[in-house]
Amino acid sequence: PDDFCLPAVRSASLERLRLDKFRLNHDQFIKLCRCSPNLRSLKVELDRLPDDVQFSSAFPSISSLQLVVSHLTEGTLNLLR
């Protein structure tokens with residue numbers, strides 16, 4: 001399923017999130033992280049990330065990250081760097 005409703009506003013209180021039944025694309029993943037600046041723990045499934053997608057250091061608060069990635073791409077490696 002990919003009908004997860006992303007937050008419309010920033011949430012300073014959200015610290016832990018586990019999305020077991022949703023697969024996010026790279027735009028949804030970036031928006032989720034931007035809307036959750038204090039996110040410390042995240043478990044999420046990511047769809048294929050484009051090779052040219054770049055991630056800034058926009059996730060400094062995350063100390064626990066569990067990713068399920070459908071396809072290993074250069075974009076996935078960019079996320080992990």
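Numbers here are sequence positions counted from 1. Computed from a predicted structure; not experimentally measured.
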- Could you list the residues that satisfy side chain to side chain contact (heavy atoms under 4.5 Å, CB included) with N38, not counting sequence neighbours? A12
- Task: Check whether V68 and L32 end up in the same hydrophobic cluster, where Ile, Leu, Val, Met, Phe, Trp and Tyr are linked by side-chain heavy atoms less than 4.5 Å apart.
- Result: no
- Task: Report the distance from atom CG of L17 to atom CZ of R40, rounding to the nearest 0.5 Å.
- Result: 13.5 Å
- Under 3.5 Å: donor-acceptor pair, side chain of S61, backbone of L39: yes
- Query: With sequence neighbours excluded, what pairs up with R10 under the salt bridge (Lys or Arg N to Asp or Glu O under 4.0 Å) test?
  - Reply: none
- From K31 NZ over to S36 OG, what is the distance, rounded to the nearest 0.5 angstrom? 10.5 Å
- Task: Tell me, please, which residues at least two apart from D20 pass side-chain hydrogen bond (donor to acceptor under 3.5 Å, both in side chains).
- Result: R18
- Task: Using side chain to side chain contact (heavy atoms under 4.5 Å, CB included) as the criterion, list what pairs up with V44, not counting sequence neighbours.
- Result: L19, L24, F29, L42, L46, L67
- Item | Under 3.5 Å: donor-acceptor pair, side chain of T73, backbone of D51 | no
- Task: Measure the spacing between CD of Q28 and SG of C35 and express it to the nearest 0.5 Å.
- Result: 12.0 Å
